[in-house]
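These numbers come from the heavy atoms of this one structure, side chains and all, not from hydrogens, waters or symmetry mates. We number each residue from 1, following the sequence as shown.
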Amino acid sequence: MKAKRLKLLPLLLIVIFSLSVLTACNSLSDDTGKDTDITGKNGGESGITLDTEPGIEGFKPFEKKVTIKIPVYDRGVEGLPPVDDNYWTKWIQKNFGDKYNITVNYEPIPRSDVMTKYPLLIAAQETPTILMEYDYPKVSQWAAEGAMRTIDLNEFKHVAPTYYNEMENNDLLIYTSIGGETYFVCAVRPYAATEYKWINFYRMDWLRKVGYDHVPTNIQEEIDALTKIKQAGLTDIEPMNLQLPTANYQANAYRDFPLDEKEWAVHVGIDVAALPWEPVKEQIRKENKYWHLGLVTKEFELNDDTNARANFIAGKLYSYGGYMASNVDWLDAFYKNNPGAELATATVLYDDTGQITFDLSDGLIPQERSNTPYGMVIGFSSLASDDQLKAAWMYLEWMRQKDVLHTLQYGIEGIHYKEFDELGYPIMLDMTGKEERLNYNDNKDIWCAVIESRERDTIEDSIAAIAPRGLPQDFTQNMINEFYMKKEKVERGWIYPDPVFSVPIESLNEYRATLQSLFQEFYTKIVKCDPAQFDALYEELSKQYLEAGYQEIMDEKLAAYEAGNCTRLPDKSKKK
């Protein structure tokens with residue numbers, strides 16, 4: 001069945017993807033956020049000079065040169081130009097900066113070390129004009145620590161009406177304030193923007209060799225298949241990758257259903273791992289089992305995603321996943337190094353009713369974490385002058401124009417594409433190795449400041465736009481199937497959003513780094529421990545984790561929840 005047109009995005013986001021579950025926090029509107037008082041403490045006294053005409057039509061060059069610095073992820077992908085100096089940064093300077101007497105510089109932010117780089121910049125008083133991240137608690141922490149200036153959304157609306165209207169139409173205004181002060185603007189996350197972009201790939205050719213005609217869909221099958229793959233000598237290392245988790249340790253599959261709202265508010269989120277929580281315990285118990293069976297990386301504490309990707313490309317791993325784009329370098333490299341290999345895509349660990357069949361959690365409904373309703377959360381440096389602040393707003397508004405966004409996402413006609421498909425979308429040329437090529441993920445790390453994905457009229461068209469091209473296998477239909485599987489899970493109520501707090505959780509700021517390090521240390525010990533000692537060791541280390549600060553975080557989150565300063569869960573009784 002064809003998906004509804006994306007012109008109905010605000011409604012679809014509410015009805016289909018349960019984003020309306022996010023009820024308002026303190027002092028916010030009870031539904032869309034459109035009745036919210038959006039004026040920050042600046043109250044129109046920021047000193048910004050507003051042009052007579054709102055929006056890009058009113059933009060005028062600054063009398064004196066204004067320099068702004070924009071963060072951009074540095075993913076360390078080999079073969080690509082520097083993220084802060086390439087064809088597209090120069091194109092932006094020529095088409096935006098030179099026109100308005102603005103110098104646009106870029107600050108590389110290592111994707112694998114975001115939470116270190118930003119604090120270093122803040123401590124050194126070298127923050128970029130824009131600070132942006134997907135992690136709402138972390139951005140809120142920077143605001144609470146004084147790294148961001150408050151803003152007046154009425155002034156922002158005057159300078160960037162297109163950007164503002166997109167926030168309003170997608171019910172994002174409720175996320176612009178924290179602690180009663182307005183700090184943020186939010187990039188739009190279109191309908192199911194990343195629900196189909198992350199794809200897990202599996203060695204179907206290996207599975208066929210050990211007697212499987214499908215990707216295992218439950219844990220017993222997976223253990224059996226991996227054991228046979230190892231015994232058959234199809235790889236000379238452990239067939240599955242395991243590495244130290246970050247604080248984003250959700251343990252979705254082992255949660256109770258429906259989830260208790262207080263537990264959700266206290267434990268769920270990407271800010272810090274919930275070691276003492278029962279679902280996390282059972283998730284690690286499963287990894288302990290896999291480790292002792294020799295199915296996952298033995299010295300996983302020394303591993304990282306770079307190792308995993310290299311091993312998959314070399315034909316040594318059973319599975320690997322990532323975000324899709326029209327060109328995925330590691331998939332190209334995989335097929336080059338493994339001619340004749342066959343990959344499959346799937347969502348594993350569930351049987352055909354959606355139940356987990358692993359004996360430790362038999363009968364539990366497999367939950368997942370939903371994406372946030374916003375993309376990048378964007379704040380502005382407290383070191384920025386009024387002119388720099390206005391220039392940053394102009395940058396966001398300019399990039400949100402349809403012609404600019406189209407160019408950043410698809411390139412320039414005659415250079416990056418010469419023909420169009422039957423739906424009128426560009427057919428991208430192979431630009432591998434050329435200076436003009438789009439950066440990683442179709443320039444996503446640049447235009448994510450305004451929107452989270454390419455947007456087309458239908459889901460099928462949107463997926464086709466970012467399906468990898470030029471491979472021996474076409475995964476477009478697989479990605480479409482994955483999307484509708486996710487949609488069904490949403491409609492059944494198996495997918496929960498993370499809680500969002502409208503007040504700073506101060507204990508998170510104090511203990512986050514310590515607890516992340518401690519969690520990785522404890523995780524390593526528990527995964528490798530004798531299964532007979534698992535429960536006792538887990539209890540001992542959980543007690544230490546609570547005493548190291550997690551108890552204070554739990555208490556503060558619970559207090560914020562009970563005071564009404566937290567979003568609420570959807571009503572699962574209305575689901576199928």
Side-chain angles (χ1 to χ4, degrees), residues 22-50 54-55 68 118 122 127-189 372-397 400 449-450 500-506 509 560 563-567:
L22 297 164
T23 59
C25 303
N26 270 5
S27 74
L28 299 177
S29 163
D30 286 335
D31 48 58
T32 65
K34 294 179 182 178
D35 298 326
T36 301
D37 178 3
I38 61 170
T39 303
K41 74 177 184 180
N42 287 337
E45 300 177 355
S46 66
I48 293 176
T49 302
L50 299 179
I68 60 174
Y118 268 116
I122 292 170
T127 48
T129 316
I130 281 176
L131 296 87
M132 62 184 189
E133 242 298 313
Y134 296 110
D135 185 346
Y136 196 95
K138 174 53 67 177
V139 181
S140 299
Q141 176 186 338
W142 298 334
E145 292 174 346
M148 295 179 184
R149 61 182 293 174
T150 57
I151 62 173
D152 183 335
L153 279 188
N154 290 316
E155 293 183 341
F156 179 82
K157 181 179 181 180
H158 186 91
V159 176
T162 310
Y163 197 107
Y164 178 91
N165 290 338
E166 288 293 328
M167 286 199 298
E168 184 175 52
N169 292 338
N170 288 277
D171 301 326
L172 300 180
L173 295 180
I174 62 171
Y175 303 104
T176 59
S177 297
I178 185 168
E181 304 283 9
T182 303
Y183 288 98
F184 312 129
V185 298
C186 299
V188 170
R189 184 182 291 273
T372 58
Y374 47 80
M376 281 288 185
V377 181
I378 298 172
F380 306 93
S381 173
S382 56
L383 303 177
S385 68
D386 292 330
D387 281 349
Q388 287 175 317
L389 181 61
K390 181 181 177 183
W393 293 356
M394 291 168 63
Y395 172 85
L396 295 176
E397 177 70 3
R400 197 59 183 85
V450 300
V500 176
F501 293 89
S502 64
V503 294
I505 305 299
E506 299 294 349
N509 303 343
N565 294 324
C566 177
T567 51

Going by heavy atoms in the side chains, are Leu396 and Ile130 under 4.5 Å from each other? yes

Please confirm whether the backbone N or O of Gly180 pairs with a side-chain atom of Ser177, one donor and one acceptor, at under 3.5 Å? no

Closest non-hydrogen atom pair between Pro161 and Pro54, with its separation: CG-C, 4.4 Å

For a 4.5 angstrom cut-off between non-hydrogen side-chain atoms, does Tyr175 reach Pro373? yes

Under the 3.5 angstrom rule, does the side chain of Lys390 hit a backbone N or O of Leu50 as a donor-acceptor pair? no

So do the side chains of Ile151 and Trp393 get within less than 4.5 Å of each other, counting heavy atoms only? yes

Any sub-3.5 Å donor-acceptor pair from Asp152's side-chain atoms to Asn154's backbone N or O? yes

Side-chain donor-acceptor pair under 3.5 Å between Glu397 and Thr162, yes or no? yes

Side chain to side chain contact (heavy atoms under 4.5 Å, CB included) evaluation trace for Thr129 with Leu389: CA-CA 7 Å; Thr129 316; Leu389 181 61; 6.0 Å; no

Evaluate the side-chain proximity of Leu173 to Tyr164: yes if any heavy-atom separation is below 4.5 Å, no if none is. yes

Heavy-atom distance under 4.5 Å between the side chains of Tyr134 and Arg189, does that happen here? yes

So how far is it from His158 NE2 to Leu153 CG, rounded to the nearest 0.5 Å? 14.5 Å

Please report the shortest heavy-atom distance between Tyr374 and Cys186, naming the atom on each side. CB-CB, 4.0 Å

Check whether Tyr118 reaches the backbone of Met132 with its side chain - one donor and one acceptor, N or O, closer than 3.5 Å. yes

Would Phe156 and Val185 count as a side chain to side chain contact (heavy atoms under 4.5 Å, CB included) if you check the C-alpha gap in whole Å, the side-chain angles of each, and the deciding distance to 0.1 Å? CA-CA 9 Å; Phe156 179 82; Val185 298; 3.7 Å; yes

Look at the side chain of Ser382 and the backbone N and O of Gly146, then say whether any donor-acceptor pair between them is shorter than 3.5 Å. yes

Sub-4.5 Å side-chain heavy-atom contact between Leu131 and Ile378: no

For the residue pair Ser381 and Pro128, what are the closest heavy atoms and their distance? CB-O, 3.2 Å

Separation between OG1 of Thr176 and CD of Glu181, rounded to the nearest 0.5 Å: 11.5 Å

Angle class for the Tyr136/Phe184 ring planes (parallel below 30°, perpendicular above 60°, tilted otherwise)? perpendicular

Side chain to side chain contact (heavy atoms under 4.5 Å, CB included) between Val159 and Met394, intermediate numbers included: CA-CA 6 Å; Val159 176; Met394 291 168 63; 3.9 Å; yes

Interatomic distance, CZ@Arg400 vs CD@Glu166, rounded to 0.5 Å, equals 4.0 Å

Of all the heavy-atom pairs spanning Ile68 and Tyr395, show the shortest one and how long it is. CD1-CB, 4.2 Å

Donor-acceptor under 3.5 Å (Glu168 side chain, Asn165 main chain): no

Trp142 CH2 to Asn509 CG distance, which is reported to the nearest 0.5 Å: 11.5 Å

Which atom of Val503 lies closest to which atom of Ala560, heavy atoms considered: CG2-CB, 4.0 Å

Side chains of Val188 and Leu172, heavy atoms from C-beta outward: is any pair under 4.5 Å? yes

Side chain to side chain contact (heavy atoms under 4.5 Å, CB included) between Ile505 and Gln141: does it pass, once the steps are laid out? CA-CA 8 Å; Ile505 305 299; Gln141 176 186 338; over 6 Å; no

Thr150 side chain to Thr182 side chain, donor-acceptor N/O pair below 3.5 angstrom: no

Check for a donor-acceptor pair, side chain of Arg149 on one end and backbone N or O of Leu383 on the other, with a separation under 3.5 Å. no

